[in-house]
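Notes follow once the structure below has been shown.
Whatever order the structure lists them in is the order used to number ligands and atoms, beginning at 1.
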Amino acid sequence: MRFHIITLFPNMFESYLGDSILKRAQDAKKVSFFFYNPRDESRDKWKRVDDRPYGGGPGMVMTVDPIIRAVDKAKKKITRYKKTKVKTILFSPGGTLFSNETARAVTTKKYTDIVLICGRYEGIDARVEKILKAEPVSIGNYVLTGGELPAMVIIDAISRHIEGVLGNTASPEENRVSSHEIYTRPETYTHKKKKFKVPEVLLSGDHKKIDAWKLDPKNTLAKGKK
Ligand code: ADE
């Protein structure tokens, strides 16, 4: 899967995408990332990419033209590949809430290229969404300073559903019997003279009992969903 990221701050992505699982996924050609900076596309003498909002209000708004030009560049790149299916997402705190189901759907629906538009300042001129028929997406009910963190969040959540990204031994935890409560060695950890033990059942070797324990709402992922 190819991610095309429209951002004024491509450096923000370097450390997160350049390490650990996402780095390995890139090396294995499971995912790739391309950056397009609206600032490079600005036709303004001073390379401005924002302006004051019509009707008044605080802060600045990202202008249409540099973003459309940056997305055009991404689309031009995409046309070089065969058999593509493109999804365009625009980050906004008012967008549809992103979920694990959405992450999985992106891979099962066989999208090849995802264009991610990261806003800054007070947001992006509403005409960008209309022109590109982009899907506004939010990652939660809080307002961030820009779309860069949301972009990294959904890149991470989508990538782990791509076959081979998590390696042979791992699989997305939602596909197996899983619990929030996981343990590793030692069996007993002593903190300030108090002993913290691994639940007995997990040491029993009885996989029926272990699965039942993991499925118990007290211990499972379902707990977090309620
Ligand atoms: N931009 C600012 N806050 C955001 C959020 N919570 N989700 C997506 N994009 C955003």
Min over S138, S92, P136, G147 of heavy-atom distance to atom 9 (N) of ligand 1 lands on S92
What protein heavy atom sits nearest atom 1 (N) of ligand 1, and how far away is it?
P93 CD, 3.6 Å
Tested for side chain to side chain contact (heavy atoms under 4.5 Å, CB included) against F3, the lone hit among V115, I89, I158 is I158
Quick one: pull up NZ in K77 and CG in D113 and give me the separation to the nearest 0.5 Å.
10.0 Å
So does K76 pair up with D72, basic N to acidic O under 4.0 Å?
no
Note, F13 side chain near F35 side chain (heavy atom, < 4.5 Å):
yes
Within the structure, does G140 bring an N/O atom to less than 3.5 angstrom of an N/O atom in ligand 1?
yes
Which of the numbered atoms in ligand 1 are below 4.0 angstrom from a heavy atom of Y142?
3 (N), 5 (C), 6 (N)
Mark yes or no for whether Q26, through its side chain, and L17, through its backbone, hold a donor-acceptor pair below 3.5 Å.
yes
T145 near ligand 1, heavy-atom distance under 4.0 Å?
no
Ligand-residue contact atoms, ligand 1 with V143, heavy atoms, under 4.0 Å
3 (N)
Taking distance alone, with no angle check, do F91 and ligand 1 share an N/O pair under 3.5 Å?
no
One finds that the ligand 1 atoms under 4.0 Å from a non-hydrogen atom of V137 are 8 (C)
How far is atom 3 (N) of ligand 1 from its nearest protein heavy atom, and which residue and atom name does that atom have?
L144 N, 2.9 Å
Cluster check V49, L132: I/L/V/M/F/W/Y, side chain < 4.5 angstrom:
yes
Just to confirm my output: which protein heavy-atom neighbour is closest to atom 7 (N) of ligand 1, and how far is it?
I139 N, 3.0 Å
Lys/Arg-Asp/Glu bridge criterion (N-O < 4.0 Å) met for E181, K218:
no
